[in-house]
Amino acid sequence: MADVKENEPDMPNGGEKEETQSSENTMNQTIYVNNLNEKPSKKKLTEQLYSLFSPYGSILEIVAAKRQKMRGQAFIVFKDITSASNALREMNGFEFLGRPMSIQYAKSKSDAVSKLDGTYIEKKRERENDQDKKKAKKQQTKKPSTTAKPKAASTANAQAAPLQPREAPPNKILFVENLPEQCEEMMLNMLFSQFPGFQGISMTTAKKGVAFVEFDDDSKSAVAMTHLQGFKVTPEKPMVISFAAQ
DNA sequence: AGCACA
């Protein structure tokens with residue numbers, strides 16, 4: 001297994017420029033994307049977003065609406081929060097259909113998620129009014145017993161955490177990310193073709209720094225993955241390898 | 001700019 005040091009002190013500055021943090025929202029498995037091109041139809045846009053974001057993990061749902069208030073925006077509901085985190089990190093500011101996407105965590109939980117939790121309420125009949133609760137139950141100690149979701153022990157860590165391979169069932173196709181922009185198919189070929197069962201590379205035209213590598217079967221791809229995981233093409237960019245999503 | 005889902 002990979003030894004990961006979780007407690008090493010972070011360097012205050014990695015030389016990265018800190019731009020205005022657009023996402024001060026708390027972590028959410030749903031990401032809110034805006035500044036999208038408003039020309040394509042809702043269906044078309046949703047399709048594009050699916051193919052763009054599915055490499056980061058299973059997508060439960062994509063919600064986009066056509067109303068004036070909602071156009072140019074979309075909600076990508078991931079199955080895992082780490083997928084959302086990775087997608088946000090990687091794709092924020094990425095130029096999509098001629099415009100740089102802006103991505104934040106969604107402010108609230110998606111219905112698709114609530115339905116899986118069992119906490120879904122049919123209509124917006126129930127508004128949580130804190131006023132009422134405070135007045136009625138002043139001294140009541142609220143004890144989350146049943147459906148208490150495990151609160152992230154460190155809420156701030158995940159967003160600052162470096163890109164990590166995502167969890168996915170074995171697949172003969174590997175998803176490689178965090179590649180430097182100057183990385184070309186040729187050099188990936190040289191790296192991966194040394195492992196048995198290598199079939200080929202396919203770089204997505206949509207996004208640089210990402211590639212798919214295919215092997216004969218998932219045992220062969222697993223070998224290559226363990227050997228090349230974290231391999232640094234350049235000192236700043238260790239490649240992150242996962243099994244491709246179905 | 002703009003945080004929804006019936």
Side-chain angles (χ1 to χ4, degrees), chain A residues 17-134 144 146-152 154-161 163 166 206-207 245-246:
Chain A
K17 49 176 182 261
E18 295 180 4
E19 308 202 359
T20 54
Q21 309 108 333
S22 56
S23 61
E24 295 188 3
N25 291 340
T26 58
M27 303 255 314
N28 194 316
Q29 68 194 85
T30 302
I31 55 175
Y32 169 76
V33 185
N34 66 357
N35 196 35
L36 292 169
N37 196 316
E38 301 172 3
K39 287 154 202 160
S41 66
K42 168 187 164 187
K43 185 171 185 175
K44 194 77 179 179
L45 180 67
T46 304
E47 289 176 4
Q48 301 264 15
L49 289 173
Y50 258 109
S51 55
L52 196 61
F53 282 99
S54 58
Y56 296 94
S58 305
I59 295 175
L60 295 180
E61 187 186 19
I62 292 184
V63 177
K66 54 217 162 179
R67 299 163 229 163
Q68 173 64 14
K69 187 186 172 190
M70 283 293 115
R71 54 193 259 193
Q73 304 151 78
F75 298 86
I76 322 273
V77 187
F78 283 99
K79 188 165 151 232
D80 300 304
I81 195 166
T82 59
S83 307
S85 181
N86 286 346
L88 189 152
R89 276 230 155 238
E90 280 283 293
M91 298 300 280
N92 190 19
F94 173 65
E95 187 169 296
F96 174 58
L97 301 176
R99 300 184 181 178
M101 292 187 294
S102 163
I103 310 183
Q104 304 163 232
Y105 292 112
K107 285 178 179 170
S108 59
K109 184 154 76 173
S110 297
D111 283 354
V113 177
S114 299
K115 283 172 183 172
L116 294 182
D117 282 359
T119 59
Y120 176 68
I121 308 167
E122 280 208 355
K123 291 187 178 179
K124 43 189 172 183
R125 180 158 307 210
E126 282 208 19
R127 291 266 177 178
E128 285 196 30
N129 286 341
D130 291 316
Q131 306 170 348
D132 294 346
K133 285 188 178 180
K134 282 177 183 174
T146 49
T147 56
K149 61 178 180 181
K151 287 185 179 178
S154 51
T155 40
N157 275 2
Q159 191 175 351
L163 193 67
R166 65 172 214 285
K207 177 165 170 49
Q246 308 99 358

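Below, chains carry the letters A, B, ... as their sequence lines are ordered, and counting in each starts from 1.
Between A:Arg71 atom CZ and B:dA4 atom P there is a gap of 17 Å when expressed in whole angstrom units. Regarding A:Phe75, its CZ atom lies at a distance of 5 Å from the C1' atom of B:dA4, rounded to whole Å. Atom pair A:Ile121:CD1 and B:dA4:P shows a separation of 16 Å (rounding to whole Å applied). In this structure, A:Tyr120 atom OH and B:dA4 atom P are separated by 14 Å, rounded to whole Å. With rounding to whole Å, A:Asp111 atom CG is found 13 Å from B:dC3 atom C1'. Going from atom CE of A:Met70 over to atom P of B:dA1 covers 15 Å, rounded to whole Å. Atom NZ in A:Lys69 sits about 8 Å away from atom C1' in B:dG2, given to the nearest Å. Following rounding to the nearest Å, A:Glu122 (CD) and B:dA6 (P) show an atom-to-atom distance of 12 Å.
A:Phe78 and A:Phe53 have perpendicular rings, their planes meeting at more than 60° on a 0 to 90° scale where under 30° would count as parallel.
Counting only heavy atoms from C-beta outward, the side chains of A:Tyr105 and A:Ser85 approach each other to under 4.5 Å.
No N or O donor and acceptor, one from the side chain of A:Thr30 and one from the base of B:dA4, sit under 3.5 Å apart.
Nucleic acid contact for A:Ala106: base, since at least one base atom lies under 4.0 Å from a heavy atom of the residue.
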Going through the checks in order, is the side-chain contact (heavy atoms from CB on, under 4.5 Å) test met by A:Leu45 and A:Leu97? CA-CA 10 Å; A:Leu45 180 67; A:Leu97 301 176; 4.2 Å; yes
Take A:Met101 and A:Leu36 through the test side-chain contact (heavy atoms from CB on, under 4.5 Å) and record every step on the way to the result. CA-CA 6 Å; A:Met101 292 187 294; A:Leu36 292 169; 3.9 Å; yes
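The side chain of A:Lys107 contributes no N or O atom lying less than 4.0 Å from OP1 or OP2 of B:dA4.
For A:Gln68, the side-chain atoms get nearest to B:dA1 when compared with the rest of B:dA1, B:dA4, B:dC3.
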